[in-house]
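In what follows, chains carry the letters A, B, and so on, assigned in the order in which the sequence lines appear, proteins first and then strands, with residues in each chain numbered from 1.
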Protein chains: 2
Amino acid sequence: MKHDPVARIRRFNRAVTAEVGALDDSFLGRGRSLGAARVLNAIGHGIADVAALRAYLNLDSGLTSRLLRGLESEGLVETRTDPADARRRLLSLTAQGEAEYAAYEQLSDDRVRDLLRRHPKPDALLAAMDLVATALARDRIEMVEMDPRAADAVHCLQSYYAELARRFSQGFDVSLSRDPEATAMIRPRGSFIVAVSDGLPIGCAGLKGDGGKVAEIKRMWVAPEARGLGLARQMMSRLEADAAELGVEVLRLDTNSALPEAVALYRNSGWTEIERFNDDPYPDHFFEKRIDARDGAPA
Amino acid sequence: MKHDPVARIRRFNRAVTAEVGALDDSFLGRGRSLGAARVLNAIGHGIADVAALRAYLNLDSGLTSRLLRGLESEGLVETRTDPADARRRLLSLTAQGEAEYAAYEQLSDDRVRDLLRRHPKPDALLAAMDLVATALARDRIEMVEMDPRAADAVHCLQSYYAELARRFSQGFDVSLSRDPEATAMIRPRGSFIVAVSDGLPIGCAGLKGDGGKVAEIKRMWVAPEARGLGLARQMMSRLEADAAELGVEVLRLDTNSALPEAVALYRNSGWTEIERFNDDPYPDHFFEKRIDARDGAPA
DNA sequence: ATGAATCCCTGACTATGGTCAGGTATTCTG
DNA sequence: CAGAATACCTGACCATAGTCAGGGATTCAT
């Protein structure tokens with residue numbers, strides 16, 4: 001078969017390899033080796049010491065030193081010993097290094113913008129790229145606990161509200177819903193989890209507590225390109241563990257039949273349907289789950 | 001902005017680079033350098049002489065020779081001089097080479113199958129990959145004239161029929177439509193064009209003639225992931241040139257209002273709407289275009 | 001305070017990919 | 001048929017990426 005999945009993915013690989021190669025070549029056009037360019041970029045991206053640089057680029061210690069010496073002698077990078085630990089060395093770009101870094105960024109930005117500008121459906125292209133990137137990097141998805149007011153969290157919450165507005169026939173207005181105050185989803189009262197795939201936030205879920213034995217799960221959302229990977233379940237079990245740690249014994253949540261995937265998830269992961277427990281206008285399904293107190297850290 | 005298009009595409013690049021790198025590493029696990037592995041694979045894929053190999057892998061003549069000598073001394077590749085031109089050398093795999101080639105194929109197939117098997121929506125993933133690959137390779141789309149019974153052409157035609165069946169409220173049955181005989185779309189009576197992006201056929205269009213001054217455009221189709229790139233227009237102008245070469249003076253075509261993109265294309269590219277000229281049950285719009293006789297090759 | 005661990009460096013070495021200048025055999029062109 | 005062009009090869013050379021052993025400075029642990 002000529003148009004089977006394997007042939008299609010190989011075609012994808014060839015296209016993408018050619019693209020990456022072309023970008024590398026344009027980097028080479030700036031007269032520096034790829035290794036040196038990668039180091040310069042890493043430092044520009046905020047890698048601040050030699051150990052972090054080695055880990056980030058997966059380089060041998062000797063090679064790292066040599067590349068750094070090269071960039072130093074070009075006047076692009078400065079090193080100084082870490083005042084906190086004189087064995088360590090801190091890295092920074094000189095003014096000239098910043099300029100070179102900006103030039104590299106420009107090269108890659110130009111390619112990206114050109115690709116998008118020339119495409120008839122840039123949004124569809126971006127969505128497709130997100131889908132592929134998430135699929136390829138699915139083993140490297142991280143669950144990060146953060147303040148729900150942090151940028152990545154806000155990004156997820158806004159996507160969540162936008163999706164509700166799309167799905168609910170009557171629309172959705174956050175102010176009408178019982179918006180949990182941020183501090184109720186921060187320790188010691190609760191917690192907030194964001195699923196991050198290589199820097200891009202692709203899902204969130206919050207545990208809203210008041211210090212008592214009952215807490216609520218709120219704001220469960222997974223980006224469209226990441227659905228089906230079991231992320232909701234993972235975030236949920238993470239929140240259950242957090243709840244156990246915080247001494248919570250009963251979890252509750254409300255949801256809406258316009259979100260059938262969510263209702264199905266709760267039904268088959270140990271939740272029992274209960275009576276309405278609030279007067280929020282949007283939800284029409286209510287669930288409860290009793291959790292085992294685990295060996296959580298004492299408050 | 002953190003979630004802007006540039007950041008998303010860079011994330012895509014990182015994910016894909018990591019994937020390509022991992023595949024290269026697994027190739028390296030077979031104890032051969034990447035260059036040698038690439039040569040072995042190219043020969044396995046049917047590259048049959050040294051010049052084609054150089055062009056395909058974009059290698060220097062000296063390097064090519066050295067890699068070939070290496071593979072020869074390992075007993076994986078055989079070379080013999082081309083009987084038709086004794087300066088040329090023909091390449092082939094030995095039995096052992098075939099086995100090694102199959103092992104490399106297996107490595108890459110395994111990764112692909114694993115990716116698809118683990119993904120919740122393999123069809124969506126493949127469609128996304130096709131979209132990205134087509135966007136990246138859009139400058140390398142080829143217009144190939146071929147027999148409408150060739151595999152790539154048949155693939156396009158079947159996709160076309162399937163799409164009509166989906167779009168027409170009454171469905172679509174090829175046998176009811178005036179299916180042009182293949183030979184009417186082959187020179188000297190007509191021609192058939194397939195748009196190919198790195199091996200994948202992504203569009204087709206046929207010129208159906210009878211040797212006279214009037215011919216018809218038939219079977220214009222563009223794959224969903226390639227729409228908006230101007231392919232239909234390109235194929236059309238190619239067919240017009242072919243028609244001029246074949247001495248055709250008037251082109252006609254029929255189409256259906258369920259295909260508004262097509263109707264719009266014809267309206268704004270020099271076609272005039274005319275009366276129904278056949279009794280095919282499906283079309284409801286009919287167009288005509290007078291073409292200039294060019295300096296086409298005399299039949 | 002002393003030995004172990006760490007961080008980073010240097011110097012020696014290797015494999016690989018890549019370039020370049022010929023060189024030989026063959027084919028094409030007029 | 002002579003000279004130009006083509007196809008492939010060899011040998012010399014280079015830059016880069018990468019490995020490895022060891023060494024100096026510093027910090028940690030007991």
Side-chain angles (χ1 to χ4, degrees), chain A residues 17-18 20-22 24-43 47-74 76-92, chain B residues 17-18 20-43 47-74 77-92:
Chain A
T17 306
V20 170
D24 285 356
D25 286 352
S26 71
F27 277 177
L28 258 37
R30 290 202 62 80
R32 211 157 280 114
S33 77
L34 208 51
R38 294 211 310 151
V39 168
L40 192 65
N41 271 281
I43 300 175
I47 301 287
D49 65 294
V50 178
L53 181 66
R54 274 207 312 270
Y56 182 71
L57 296 179
N58 199 14
L59 293 176
D60 170 82
S61 132
L63 183 51
T64 312
S65 285
R66 226 169 316 133
L67 290 169
L68 283 174
R69 288 306 80 73
L71 290 170
E72 253 179 335
S73 74
E74 277 192 90
L76 303 175
V77 168
E78 277 171 343
T79 65
R80 59 198 181 86
T81 63
D82 185 342
D85 180 343
R87 290 170 305 181
R88 288 193 149 86
R89 315 219 70 195
L90 298 180
L91 305 171
S92 57
Chain B
T17 306
V20 170
L23 187 57
D24 285 356
D25 286 352
S26 71
F27 278 178
L28 258 37
R30 291 201 62 79
R32 210 157 281 114
S33 78
L34 208 51
R38 294 211 311 151
V39 168
L40 193 64
N41 271 281
I43 300 175
I47 301 288
D49 66 295
V50 178
L53 181 66
R54 273 208 312 269
Y56 183 71
L57 296 179
N58 199 13
L59 293 176
D60 170 84
S61 134
L63 183 50
T64 310
S65 284
R66 225 174 317 136
L67 290 170
L68 283 174
R69 290 303 83 72
L71 290 170
E72 252 179 335
S73 74
E74 277 193 88
V77 168
E78 278 171 343
T79 64
R80 60 198 182 84
T81 62
D82 185 342
D85 180 343
R87 291 170 305 180
R88 287 193 150 85
R89 313 220 71 196
L90 299 181
L91 305 171
S92 57

Measure the distance from [atom1] on [X] to [atom2] on [N] and round it to the nearest whole Å.
| X | N | atom1 | atom2 | value |
| --- | --- | --- | --- | --- |
| Glu72(B) | dC9(D) | CD | P | 8 Å |
| Leu63(B) | dA12(D) | CG | P | 17 Å |
| Asp60(B) | dC20(C) | CG | P | 8 Å |
| Asp25(A) | dT16(D) | CG | C1' | 15 Å |
| Arg54(B) | dC20(C) | CZ | P | 15 Å |
| Leu28(A) | dT16(D) | CG | C1' | 10 Å |
| Asp82(B) | dT6(D) | CG | P | 17 Å |
| Leu68(A) | dC7(C) | CG | P | 16 Å |

Determine the minimum heavy-atom distance between [X] and [Y], stating which atoms define it.
| X | Y | result |
| --- | --- | --- |
| Thr64(A) | Arg54(A) | OG1-CG, 3.1 Å |
| Arg38(A) | Leu59(A) | NH2-CD2, 4.5 Å |
| Asp82(B) | Ala84(B) | OD1-N, 2.8 Å |
| Val77(B) | Glu72(B) | O-CG, 3.3 Å |

Exercise. Return no unless some side-chain N or O of Thr64(B) is found under 4.0 Å from OP1 or OP2 of dC9(D).
Key: no
Exercise. Please check the phosphate of dG18(D) (OP1 and OP2 only) for any side-chain N or O of Arg66(A) closer than 4.0 Å.
Key: no
Quiz item: Of Gly35(A) and Ala84(A), whose closest DNA chain D nucleotide lies nearer the 5' terminus?
Solution: Gly35(A)
Quiz item: On DNA chain D, nearest-nucleotide positions of Leu59(A) versus Gly62(B): which is more 5'?
Solution: Gly62(B)
Could you work out which one of [options] sits closest to the side chain of [X]?
| X | options | answer |
| --- | --- | --- |
| Val50(B) | dC9(D), dT16(D), dG17(C) | dC9(D) |
| Arg69(B) | dT19(C), dA5(D), dT10(D) | dT10(D) |
| Ala86(A) | dC8(C), dG17(C), dT27(D) | dT27(D) |
| Leu67(B) | dT19(D), dC9(C), dG17(C) | dG17(C) |
| Ser65(A) | dG17(C), dC9(C), dT26(D) | dC9(C) |
| Ser61(A) | dG18(D), dT19(C), dC9(C) | dC9(C) |
| Arg87(A) | dT26(D), dT19(C), dC9(D) | dT26(D) |
| Arg88(A) | dT16(D), dC8(C), dT26(D) | dC8(C) |

With a 4.0 Å cut-off on heavy atoms, is [X] in touch with a base, just the backbone sugar-phosphate, or nothing at all?
| X | answer |
| --- | --- |
| Arg32(B) | nothing |
| Arg38(B) | nothing |
| Asp85(B) | sugar-phosphate |

Practice problem: Look at the side chain of Arg89(B) and the base of dT24(C), then say whether one donor and one acceptor between them are separated by less than 3.5 Å. | Solution: no
Exercise. Among Ile47(A), Leu91(A), Leu53(A), Leu63(A), find the residue that satisfies the side chain to side chain contact (heavy atoms under 4.5 Å, CB included) test when tested with Val39(A).
Key: Leu53(A)
Quiz item: Measuring from Glu78(B):CD to Arg80(B):CZ, what's the distance to the nearest 0.5 Å?
Solution: 9.0 Å
